[in-house]
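Quick caveat: nothing in here was measured; it's all calculated off a predicted structure.
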Amino acid sequence: MARPPVADTAAGPHPVTRADSLALRTSPMNAFWRSFLLPGWGQATLGRKLTGGIFVAWEGTTLAMSLKTRHELAYLRRTNSARADDKRREHEDWLVLLGFNHLFAGLEAYVSAHLSDFPGDLRLQAVPGGFGGTVSVPIRVR
């Protein structure tokens, strides 16, 4: 159930209504299906544009290479080349990578949607004899 808009009284004499942040949050399954169908789409809705861009770039690479190897395979079959079997395996490899890109993009979006409201207060610093880290995790008690 969505919460009603909350009036923002700090904006001035005319309050501006804004939607509650929980109502705008993308559900994990929604993010999964978006990125599974089109890698990078779920990441873009979660504000993870660099990660989404990487998935889009790899999608383009694997798609272009699978099309290239398919055309080469057609040529090798027309000429009855002995290399046709090797090219068929290469084409299958690119198709598998294309499928894995969809799967990994969906899984990454699913996990990112679950962690979207988790605070990112991880700090690493150098200390004598190595390095150390601190994490602050707020706990909400109702």
Side-chain angles (χ1 to χ4, degrees), residues 1-12 14-79 81-142:
M1 181 171 164
R3 296 181 183 178
V6 178
D8 186 4
T9 58
H14 303 288
V16 178
T17 58
R18 61 176 172 81
D20 189 30
S21 63
L22 291 177
L24 297 177
R25 183 173 172 255
T26 303
S27 73
M29 283 308 292
N30 186 356
F32 172 82
W33 285 114
R34 284 179 186 218
S35 276
F36 185 75
L37 294 174
L38 183 63
W41 184 18
Q43 285 81 6
T45 60
L46 295 169
R48 298 176 49 82
K49 300 206 183 336
L50 177 64
T51 307
I54 291 170
F55 280 114
V56 168
W58 185 244
E59 177 79 5
T61 301
T62 56
L63 188 59
M65 289 304 295
S66 67
L67 291 172
K68 177 182 175 271
T69 55
R70 187 181 73 179
H71 289 297
E72 291 172 351
L73 177 60
Y75 172 77
L76 292 174
R77 284 184 176 161
R78 277 194 314 267
T79 60
S81 174
R83 293 189 54 229
D85 195 42
D86 292 336
K87 190 54 74 170
R88 179 190 55 80
R89 281 188 288 239
E90 182 184 347
H91 178 65
E92 289 172 357
D93 291 343
W94 283 111
L95 291 177
V96 167
L97 288 173
L98 184 68
F100 272 114
N101 186 50
H102 283 259
L103 179 64
F104 289 145
L107 292 174
E108 196 281 333
Y110 180 81
V111 170
S112 294
H114 271 294
L115 298 176
S116 65
D117 58 352
F118 194 79
D121 294 343
L122 174 63
R123 291 180 187 23
L124 294 175
Q125 63 184 21
V127 295
F131 64 93
T134 60
V135 178
S136 69
V137 180
I139 298 175
R140 189 176 7 189
V141 178
R142 292 182 187 203

Salt bridge (Lys or Arg N to Asp or Glu O under 4.0 Å) filter on R70, not counting sequence neighbours, yields none
Within the structure provided, determine whether V111 and L107 are in side-chain contact (heavy-atom separation under 4.5 Å). no
Output for pair (E90 CD, L95 CG), nearest 0.5 Å, gives 11.0 Å
query = Are S35 and Q43 close enough that a side-chain donor and a side-chain acceptor fall under 3.5 Å?
reply = yes
ask   = Does the pair W94 and L67 meet the rule for a side chain to side chain contact (heavy atoms under 4.5 Å, CB included), with working shown?
value = CA-CA 9 Å; W94 283 111; L67 291 172; over 6 Å; no
- Message: Do R77 and R88 have side chains that approach each other closer than 4.5 Å (heavy atoms only, starting at C-beta)?
- Response: yes
Looking at the rings of H71 and Y75, which for Trp means the six-membered one, are their centres under 6.0 Å apart? no
Applying side chain to side chain donor-acceptor pair (under 3.5 Å) to T69 and not counting sequence neighbours gives H91
Taken in chain and number order and not counting sequence neighbours, the residues that satisfy side-chain contact (heavy atoms from CB on, under 4.5 Å) with S81 are L76, T79, R83
Closest non-hydrogen contact found for S112 with L46 is CB-CD1, 3.8 Å
Fill in: Carboxylate-amine/guanidinium contact D93 R89, below 4.0 Å
no
Separation between CD (E92) and CG (L73), nearest 0.5 Å, reads 9.0 Å
With sequence neighbours left out, the residues meeting side-chain contact (heavy atoms from CB on, under 4.5 Å) with L38 are W41
Rounding to 0.5 Å, atoms CZ (R48) and CD1 (I54) come to a distance of 9.5 Å
Item to check | W33/F36 aromatic ring centres below 6.0 Å | outcome: yes
Across all chains, not counting sequence neighbours, the side chain to side chain donor-acceptor pair (under 3.5 Å) partners of T61 are none
Interatomic distance, CG@N101 vs CG@L63, rounded to 0.5 Å, equals 10.5 Å
A109 and A31 have their tightest heavy-atom pair at CB-O, 3.4 Å
Here the gap from H102 atom NE2 to F55 atom CZ, rounded to the nearest 0.5 Å, amounts to 11.0 Å
Sequence neighbours excluded, the answer for salt bridge (Lys or Arg N to Asp or Glu O under 4.0 Å) partners of K49 is none
Closest heavy-atom pair, T62 versus E59, reported as atoms and distance to 0.1 Å, is OG1-O, 3.1 Å
Q) Do the rings of H114 and Y110 sit parallel, tilted or perpendicular, given the 30° and 60° boundaries? A) perpendicular
